[in-house]
There are 2 protein chains.
Amino acid sequence: MATSNKQKQGDTWQEKYQEYLLHNGLKSTVQRDLIANEFYRLKGHITAEDLHANIRKKHSSIGLATVYRTLKILASAGIAHERRFNDGFTRYEFFDPEDRHHDHIVCISCGKVEEFENDEIEELQKSVAKRYKFTMLDHKLEIYGRCNNCSTKAKNG
Amino acid sequence: MATSNKQKQGDTWQEKYQEYLLHNGLKSTVQRDLIANEFYRLKGHITAEDLHANIRKKHSSIGLATVYRTLKILASAGIAHERRFNDGFTRYEFFDPEDRHHDHIVCISCGKVEEFENDEIEELQKSVAKRYKFTMLDHKLEIYGRCNNCSTKAKNG
DNA sequence: AAGCTTATTGACAATGGCTATCAATTGAAA
DNA sequence: TTTCAATTGATAGCCATTGTCAATAAGCTT
């Protein structure tokens with residue numbers, strides 16, 4: 001095929017998705033594609049159940065198991081990242097390779113999740129891994145607390 | 001009771017434990033005390049099931065539910081800390097108030113967990129919380145990777 | 001376009017860590 | 001020792017997630 005050599009703008013998540021299916025003997029199906037698209041549309045920190053509920057509004061026949069399965073595929077393809085905070089649910093987050101790594105700050109009161117980036121922390125983690133002779137593959141930093149809104153409420157309520 | 005005024009060396013985990021029971025209308029029982037002691041003896045990052053298995057060797061009648069219940073109490077009393085890595089188990093870690101806060105570096109291959117401390121990271125986290133106007137209550141930093149042993153094996157095996 | 005092979009789907013059963021329930025037992029205050 | 005709430009072990013239940021399976025759909029090949 002005569003595709004462009006340029007990669008920078010070229011590899012959208014859709015391409016990554018199609019490529020992953022191809023290279024793994026998987027098929028593109030209407031359900032799969034629909035779920036992937038809806039996941040992309042909704043983005044941040046969604047649970048399988050929430051995504052399923054959302055899709056059900058328009059496509060009432062799609063099963064929960066298929067949503068779970070598709071999210072797993074998207075995670076394997078590097079399109080979604082699995083996140084487990086402390087509420088018993090696995091959440092999926094759209095991963096944009098253009099974005100830098102980010103961590104999370106979670107409100108234990110209202111559940112709000114904010115993202116933040118901090119290069120210094122990243123660097124310090126690398127040096128810790130080196131000190132312990134670990135090959136670092138992933139890391140997770142979560143700050144738990146109460147957001148401005150909820151701590152104000154707690155004081156006045 | 002004529003106990004010392006000094007606190008520094010005074011409050012062992014046993015005292016903390018007894019005090020917690022007292023202040024919460026809970027009773028000291030042979031099972032409870034046994035589980036607490038065994039937990040203290042084994043220390044690091046144990047699951048309820050592992051602890052139960054260990055205790056069963058000597059005291060075969062103690063039930064799993066009681067181990068779960070006791071670990072919850074120890075956590076509420078501030079004697080144990082709950083940790084959830086990514087293997088689906090809740091692990092409990094003995095908490096020594098003399099110790100500084102530490103984080104974890106986990107080998108995804110053999111499951112080894114090492115602890116580390118890093119004040120710079122701690123400080124950076126505080127500043128992040130401040131920037132987002134969060135009241136920081138807790139935080140969790142985990143580095144996932146392969147330990148020296150396992151990455152060597154991977155290369156040669 | 002039809003046939004063929006294999007992946008996929010939705011419904012639902014099963015899993016597994018953990019918690020609730022309950023009748024019997026125990027701790028400790030009176 | 002009586003009394004009564006707390007506790008225990010066994011086990012049923014919970015719930016997010018995964019496995020099973022017969023029916024169906026994708027994507028070749030001809």
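Letters go in sequence order (proteins before strands), and every chain restarts at 1. Atom set for the values below is all heavy atoms of this structure, side chains included, hydrogens, waters and symmetry mates excluded.
Contact annotation: A/Thr90 side-chain N/O to D/dT17 OP1/OP2 distance is under 4.0 Å. The phosphate of C/dA29 has neither OP1 nor OP2 within less than 4.0 Å of any side-chain N or O from B/Lys27. In this model, the phosphate group of D/dT17 is approached by a side-chain N or O of A/Tyr68 to a distance below 4.0 Å at OP1 or OP2. OP1 or OP2 of C/dG17 has not a single side-chain nitrogen or oxygen of B/Thr47 nearer than 4.0 Å. In this model, the phosphate group of C/dA7 is not approached by any side-chain N or O of A/Thr29 to a distance below 4.0 Å at OP1 or OP2.
Counting to the nearest Å, the P atom of D/dT17 and the CG atom of B/Asp87 are 15 Å from each other. Between the NZ atom of B/Lys72 and the C1' atom of C/dT19 there is a distance of 8 Å, given to the nearest Å. Put simply, CG on A/Leu26 is 10 Å from P on C/dT9, counting in whole angstrom units. Going from atom CD of A/Gln18 over to atom P of D/dA26 covers 13 Å, rounded to whole Å. The interatomic distance linking A/Leu22 (CG) with C/dT6 (C1') rounds to 15 Å, in whole Å.
Of the candidate nucleotides D/dG9, C/dA11, C/dA28, C/dA28 has the atom nearest to the side chain of B/Ser28. Closest approach to the A/Ile62 side chain among D/dG9, C/dG17, C/dG10 is made by C/dG10 (side chain taken as heavy atoms from C-beta onward). The side chain of B/Phe89 has C/dC18 as its nearest neighbour among C/dC18, D/dT8, D/dA16.
Among the atoms of the strands shown, none is found under 4.0 Å from any heavy atom of B/Arg91. Nucleic acid contact for B/Leu64: none, since no nucleic acid atom lies under 4.0 Å from a heavy atom of the residue.
Checked options B/Glu82, B/His45, B/Arg83; the residue passing with B/Tyr92 is B/Glu82 (criterion: side chain to side chain donor-acceptor pair (under 3.5 Å)).
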